[in-house]
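Everything below concerns the one structure shown next.
All chains are named by letter (A, B, ...) in the order of the sequence lines, taking the proteins before the strands, and each is independently numbered beginning at 1.
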2 protein chains.
Amino acid sequence: MAQKPSIPKGTRDFNPEQVAKRNYIFQTIQKQFETFGFQPIETPSFENSETLMGKYGEEGDRLIFKILNSGDYLNKVNEVLYAEKDSNKMTSEISEKALRYDLTVPFARYVVQHQNEIEFPFKRYQMQPVWRADRPQKGRFREFFQCDADVVGSSSLWQEVEFVQLYDSVFSALKLEGVTIKINNRKILSGIAEVIGASDKLIDFTVALDKLDKIGEEQVKTEMLSKGISKEGIEKLQPLFTLSGDFKSQIEQLKSILSTSEEGKKGIDELAFIDNAITELGLQSAKLQLDVTLARGLNYYTGAIYEVSAPEGVSMGSIGGGGRYDDLTGIFGLKDVSGVGISFGLDRIYLVLEELNLFPETVTKNIDVLFINFGEAEALFSLKAIKELRLKGVNAELYPDAAKMKKQMNHANKREIPFVVLVGDNEMNTGVYTLKNMISGEQFELPLKELIQKLT
Amino acid sequence: MAQKPSIPKGTRDFNPEQVAKRNYIFQTIQKQFETFGFQPIETPSFENSETLMGKYGEEGDRLIFKILNSGDYLNKVNEVLYAEKDSNKMTSEISEKALRYDLTVPFARYVVQHQNEIEFPFKRYQMQPVWRADRPQKGRFREFFQCDADVVGSSSLWQEVEFVQLYDSVFSALKLEGVTIKINNRKILSGIAEVIGASDKLIDFTVALDKLDKIGEEQVKTEMLSKGISKEGIEKLQPLFTLSGDFKSQIEQLKSILSTSEEGKKGIDELAFIDNAITELGLQSAKLQLDVTLARGLNYYTGAIYEVSAPEGVSMGSIGGGGRYDDLTGIFGLKDVSGVGISFGLDRIYLVLEELNLFPETVTKNIDVLFINFGEAEALFSLKAIKELRLKGVNAELYPDAAKMKKQMNHANKREIPFVVLVGDNEMNTGVYTLKNMISGEQFELPLKELIQKLT
């Protein structure tokens, strides 16, 4: 019954080195989350289907992994529907649960469900896997982690300021310097749509504008035309394509473009507030940049929109994003709770740190010292030292079998263990341990106390 | 479209306090795993169904959560089979993936799949959730974490010794003193079955014996009789029910019971080896106990069997278990790789620590200091200090809105924040911050440098 083992496409095994590197990123992010006052929550891997379905658009619904009901699940399906053999209709009959698709909707569900236990404003972070039945490709997986921080219950713009600082703090702590935090505001996009007479086509308009980087000005205009935005409207957009200068000067240019839109002006004020605060407070290593083309396709953003791109020279999509949503919990019956949050793209951050060689060497260190096994009595003698070493926090182990010396030394080399200890008759009689530095080749004969000192 | 939000039965939300306490347990276990030389791996949440199905017995197969195929999954089902409307037959047609049921089978799959990259003996740990469609009840969930440490590629008994030490180290590090590490050996159970002429009924025999604690001697005998074990055989068991004394004296009694069974004697030798080593090395706070009734129902154990019970006075099932399996990877085509491992029951350990009040107070501490928000200029002035504090590792935040003082102070109290800082006109003019100790009520006026000193 031997099977050739494999894993489902789009999923991954992580070996010890990869886990250690991923944990380094998680821990660094977590540390900053907590320094900023965010608290962790966790939600179940699967939710009731109705919690998730309809929250991510039609494509999202398709990409949600559904869990088959247990037991005789077909028994409950009525004959007429069964005879239709329609997969779409069948799904809700034979599946009641679905795997988490992102962390935001479960968070909204959590806030509504636990609203009476929560002290608002509530700053939560969450680092858990999500699943999407997307076509796997380079850098896109069917199971991946999201790391989110959100605040709900406050519409203060200081939150927006804090999230810029949080991005800066995390990437600075990761020694990933020179990332660009791009910021925009949904109200500016609405304002522009209003000014060009396309308020009813806001989504089409933003989707097209979002592609400016990729397809260029002419094709963006063509797409807008094809979506029914007027030629005159598109002409009014011209100043947008040639926005230039620093944050403050772009703000000035936007003021003139949006002078007739109340909503647009509100968006400008918000961006100016954030820019002023960040200018006062300074950033450690990131840059803050205004990007009016930023829309992030997500319909629920209502104010600030963030996206972070890797330092120049590293070709990688966004490594983080987020924004403000004024009514996320409304879908679960809790009105008027404003939220704002950001997300970190673990997998892409991993690739960037790898490419720039930014993982500290100590991250992948595993065992400090291996005791060579020369037989039963020697092993027991060794384990007494190992016990003491472990109590001092030294990662120590005994080679399990009294195998040939060469085999054991090879094992130490392959695992890149820096020290081995040799215990033979001589050592047992005199109560010393022979410590060998595997890099320099140096050897020391040490009683237990000094051995511990040497290794701690 | 408001929905009353809920989560699937058997699943849980974890609030910040619960996450912090769970992480404390995870981190303590992880630290000991690493000190003992174990390295982390992670496997996907779902596996190909054929990897899991058939590995946990019939009941296991039923309890595995299956994932519905994406797209028009019914289209591929042939008409004849579809017409049968048989849930069992249908499942493999419309589902190719299933959620992880434990960490052991995925680990075996991992070892076989990556055998050429692995340096054996391979000591791995894994802490990930698993899912079972079990009927939820107190302490039993449909989603729960397992924390496993296993070694594969060595049949050395030193591993068994190490796992006893590892249990002791973890529970000692958790300050959970007085746990009992029960140990048995499958070879002893086989030997007994042989001696009583029931070798062909080993499973029935061990299942019945395993219940001794719960249902008592008489009912165990009745069950054995009903399974076809002879009356004479059961009479021979009598000395087993009256085993007494310490580990060494029980070993002596077993020697006489099992004198005619080669396998039984081998099991005794193994247990004696472990007991001798542990006696020499000592344990920090746990007790090692021989328990010949221990079988743990799992068919793949071939040598040592472990189970850990909570300290006396705490009513809780086992909080850990494990054992040796000689051929786990064989199901995936890799023969003769012996393994041994143990598992920690996170949820039960959590309940025990809670009951005994053993979580350190620092575990649930969140934010160190809240800055009261008196308005825009004051907030900005505050954020300058907050930035410096965070760089020093202090968890600090600004109340986001310039709300009434009382509301902000209440917020600090509800979240049990130990310090607040007040910044008004006076503070901004003189460059000092007013620090208030929320417990003692004391107030200090401090320039930034001293404020940082006070809070770090």
Side-chain angles (χ1 to χ4, degrees), chain A residues 2-3 5 7-8 11 13-16 19 34-35 37 39-46 48 50 65-68 70 72-74 85 87 90 95 97 109-110 112-113 119 121 129 133 143 154 156 158-159 277 280-281 332-333 366-367 379-380 383-384 387 390 395 397-398 400-401 414-415, chain B residues 2-3 5 7-8 11 13-16 19 34-35 37 39-46 48 50 65-68 70 72-74 85 87 90 95 97 109-110 112-113 119 121 129 133 143 154 156 158-159 277 280-281 332-333 366-367 379-380 383-384 387 390 395 397-398 400-401 414-415:
Chain A
Q3 302 169 343
I7 52 177
T11 68
D13 283 330
F14 297 106
N15 67 27
V19 174
E34 299 197 340
T35 305
Q39 295 186 289
I41 69 159
E42 292 182 6
T43 62
S45 295
F46 47 73
N48 293 320
E50 66 260 29
F65 278 112
K66 286 97 184 171
I67 294 172
L68 198 54
S70 303
D72 186 6
Y73 54 90
L74 289 180
K85 208 181 172 188
S87 297
M90 186 72 89
S95 161
K97 294 183 284 290
R109 193 265 310 144
Y110 179 98
V112 177
Q113 191 173 331
E119 168 65 17
E143 172 176 50
S154 162
S156 160
W158 290 113
Q159 310 291 12
E280 280 287 322
L281 295 167
F332 299 112
N366 47 76
I367 196 85
L380 193 57
L383 279 174
K384 288 178 184 170
K387 182 183 172 187
R390 287 172 176 165
N395 298 357
E397 69 178 57
L398 170 72
D401 302 289
K414 277 192 189 149
R415 285 180 58 196
Chain B
Q3 303 168 344
I7 52 176
T11 67
D13 282 330
F14 297 106
N15 68 26
V19 173
E34 299 198 338
T35 305
Q39 294 186 289
I41 69 159
E42 292 182 7
T43 62
S45 295
F46 47 73
N48 293 320
E50 67 259 30
F65 278 111
K66 286 96 182 172
I67 294 172
L68 198 55
S70 303
D72 186 8
Y73 54 89
L74 289 180
K85 208 182 173 189
S87 297
M90 186 71 88
S95 161
K97 294 182 285 289
R109 193 265 311 143
Y110 179 98
V112 177
Q113 190 172 332
E119 168 65 16
E143 172 175 51
S154 162
S156 161
W158 290 114
Q159 310 292 12
E280 280 287 322
L281 294 167
F332 298 113
N366 48 75
I367 196 85
L380 193 57
L383 279 173
K384 288 178 185 172
K387 183 183 172 186
R390 288 172 175 165
N395 298 358
E397 68 178 58
L398 170 72
D401 301 289
K414 278 190 188 151
R415 287 181 57 198

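- With sequence neighbours excluded, the residues satisfying side chain to side chain donor-acceptor pair (under 3.5 Å) with B/Glu397 are A/Lys123, B/Arg415.
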*asked:* Test side chain to side chain contact (heavy atoms under 4.5 Å, CB included) on A/Val19 and B/Gln39; report intermediate values, then the result.
replied: CA-CA 9 Å; A/Val19 174; B/Gln39 294 186 289; over 6 Å; no
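- Between B/Leu380 and A/Trp158 there is a side-chain heavy-atom pair separated by less than 4.5 Å.
- In terms of non-hydrogen atom pairs under 4.5 Å with chain B, the most contact-rich of A/Ser154, A/Gly37, A/Pro44 is A/Pro44.
- Interface remark: A/Gln159 contributes side-chain atoms only to the contact with chain B (heavy atom separation under 4.5 Å).
- Residues passing the side chain to side chain donor-acceptor pair (under 3.5 Å) test with A/Glu34 are A/Tyr125, sequence neighbours excluded.
- The parts of A/Ser45 that come within reach of chain B are both its backbone and its side chain, each placing non-hydrogen atoms under 4.5 angstrom from that chain.
- Using a 4.5 Å cut-off between heavy atoms, B/Thr43 touches chain A through backbone and side chain atoms alike.
- Contact of A/Ile367 with chain B is made through the side chain alone, with heavy-atom distances under 4.5 Å.
- Using a 4.5 Å cut-off between heavy atoms, A/Lys387 touches chain B through its side chain atoms alone.
- Only the side chain of B/Lys414 comes within contact range of chain A, with heavy atoms under 4.5 Å apart.
- A/Glu280 touches chain B through backbone and side chain together, each having a heavy atom under 4.5 Å away.
- In this structure, the portion of A/Lys97 lying under 4.5 Å from any heavy atom of chain B is its side chain and not its backbone.
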